[in-house]
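Some notes on the structure that comes next.
Excluded from the calculations below are hydrogen atoms, water molecules and symmetry mates; all remaining heavy atoms, backbone and side chain alike, are included.
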Amino acid sequence: MSSLISPEAIVTTTITMSSLATLAEPPLRYIDGAAMDYFLIEMVNTLRESSAIATARAKKIEKQMVDAGLLPHAPQPAPQAPLKETARDSTTSLGSKSASGKQYAVDEDEEALRVRLEAIGVHVGANFAERLCRDKPLFTETLDAIKFICKDVWVACWEKQVDNLRTNHRGVYVLQDNSFKPISRLSSWEGRETAIKRAKIYAAMPTGIIRGALARLGYQCTVTAEVTSLPQCTFQVKLPKGA
């Protein structure tokens with residue numbers, strides 16, 4: 001006597017299998033293509049304020065510890081011999097010193113911002129690489145891993161491939177994007193130099209994405225971004241010898 005399966009059992013089994021398939025492979029979510037650009041703009045501005053507050057708090061704590069005798073006083077810079085200056089030269093020199101002091105503070109805050117953005121990029125890049133290379137065989141050559149970054153990761157993140165890849169065959173790879181999406185719409189009323197400086201901040205997260213993706217593939221490296229003319233961006237990937 002053959003056993004019959006009730007329609008209710010078939011429906012329950014179908015729903016269960018569908019739920020398991022959804023958990024194993026979540027459906028794609030389509031969003032506005034410009035959403036990531038808007039998110040990046042807000043993220044940079046938010047982290048800039050956050051890093052400035054964190055830097056000020058660290059300086060305040062350090063000063064309190066110095067005043068309490070828990071830390072030594074910072075060494076004073078060695079005095080420099082005064083130069084003969086005219087009145088006009090003296091005014092210019094004072095202005096330069098003031099500007100350089102302000103520039104130093106700004107660069108310190110920007111460095112804290114860059115570190116935070118790159119750390120976020122490392123986490124994002126590692127997850128991207130794990131998802132994208134799930135069905136791929138292990139990379140046996142370093143160049144294959146770099147090509148994976150230039151093609152799969154670049155398309156997933158910025159909807160295009162790298163325009164140019166160069167290497168010296170000694171562990172240094174140069175990835176060039178002639179129209180890098182995160183900085184393609186950047187401009188500044190203060191001039192080209194200011195726009196390029198801002199572009200370097202927006203290249204910090206992509207730098208982390210490259211480093212994080214390669215780290216998840218088993219390649220520890222250093223990545224530096226260079227922006228000389230908008231919207232072109234060049235990334236130098238340096239792997240240790242024997243990687």
Side-chain angles (χ1 to χ4, degrees), residues 32-60 77 85 88-125 149-150 153-154 157-164 166 172-212 222-238:
D32 183 6
M36 182 57 69
D37 296 339
Y38 299 146
F39 170 72
L40 184 60
I41 292 171
E42 296 302 324
M43 180 176 63
V44 169
N45 291 332
T46 302
L47 289 180
R48 176 178 280 113
E49 295 178 4
S50 175
S51 60
I53 293 173
T55 301
R57 184 186 298 118
K59 287 182 177 180
K60 181 179 179 181
E85 299 175 331
R88 180 177 180 181
D89 291 337
S90 179
T91 304
T92 305
S93 177
L94 289 174
S96 301
K97 290 178 183 178
S98 175
S100 63
K102 183 179 179 181
Q103 184 68 28
Y104 175 78
V106 170
D107 290 344
E108 189 176 12
D109 292 341
E110 293 294 298
E111 177 61 17
L113 171 62
R114 187 197 64 77
V115 169
R116 291 190 174 198
L117 286 169
E118 188 168 338
I120 294 174
V122 168
H123 181 73
V124 172
I149 299 295
C150 296
V153 174
W154 228 262
C157 293
W158 302 295
E159 301 176 341
K160 66 185 292 290
Q161 295 184 9
V162 166
D163 294 307
N164 191 14
R166 302 190 304 274
V172 178
Y173 300 86
V174 178
L175 289 62
Q176 181 176 311
D177 193 322
N178 295 329
S179 182
F180 194 45
K181 191 173 181 180
I183 63 173
S184 61
R185 298 183 180 91
L186 282 179
S187 61
S188 175
W189 61 270
E190 296 175 318
R192 176 176 174 272
E193 184 176 349
T194 304
I196 290 177
K197 182 179 178 180
R198 291 179 179 175
K200 292 179 180 179
I201 290 297
Y202 282 85
M205 183 177 173
T207 298
I209 289 177
I210 299 171
R211 187 159 64 89
T222 58
V223 184
T224 55
E226 182 179 357
V227 181
T228 55
S229 61
L230 295 173
Q232 186 183 90
C233 188
T234 302
F235 297 90
Q236 185 184 86
V237 180
K238 187 176 294 185

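- Here the shortest heavy-atom pairing between Q232 and N178 reads NE2-OD1, 3.2 Å.
- With rounding to the nearest 0.5 angstrom, the CD atom of E111 is 8.0 Å from the CD1 atom of I201.
- Under the ring pair (Phe, Tyr, Trp, His ring centres under 6.0 Å) criterion, F235 pairs with W154, F180, sequence neighbours left out.
- T224 OG1 to R211 CZ: the interatomic distance, rounded to the nearest 0.5 Å, is 11.5 Å.
- In this structure, the side chain of S184 engages the main chain of K181 through a donor-acceptor pair within 3.5 Å.
- The two residues A203 and A225 have their closest heavy-atom pair at CB-CB, 3.9 Å.
- Atom CZ of residue R198 and atom CD1 of residue I183 lie 14.0 Å apart, to the nearest 0.5 angstrom.
- A199 and V227 get closest at one heavy-atom pair: CB-CG1, 4.0 Å.
- When all heavy atoms of Q176 and V162 are compared, the closest pair comes out as O-CG1, 3.3 Å.
- Rounding to the nearest 0.5 Å gives a distance of 5.0 Å between CG of L47 and CD1 of I120.
- For the residue pair V223 and T207, the shortest heavy atom distance occurs at O-CG2, 3.2 Å.
- A distance of 11.5 Å separates NE2 in H123 from CD1 in I209, rounded to the nearest 0.5 Å.
- Here the closest heavy-atom approach between residue R116 and residue A54 is recorded as NH2-CB, 3.3 Å.
- With a 6.0 Å radius and a threshold of 12 heavy atoms from other residues, nucleotides or ligands, K160 has its NZ atom above the threshold.
- Distance CZ/R166 to OG1/T234: 6.5 Å, rounded to 0.5 Å.
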(message) Could you walk me through whether I149 and V237 satisfy the side-chain contact (heavy atoms from CB on, under 4.5 Å) test, starting with their C-alpha distance in whole Å, then the side-chain angles of each, then the deciding distance to 0.1 Å, before giving a yes or no?
(response) CA-CA 11 Å; I149 299 295; V237 180; over 6 Å; no

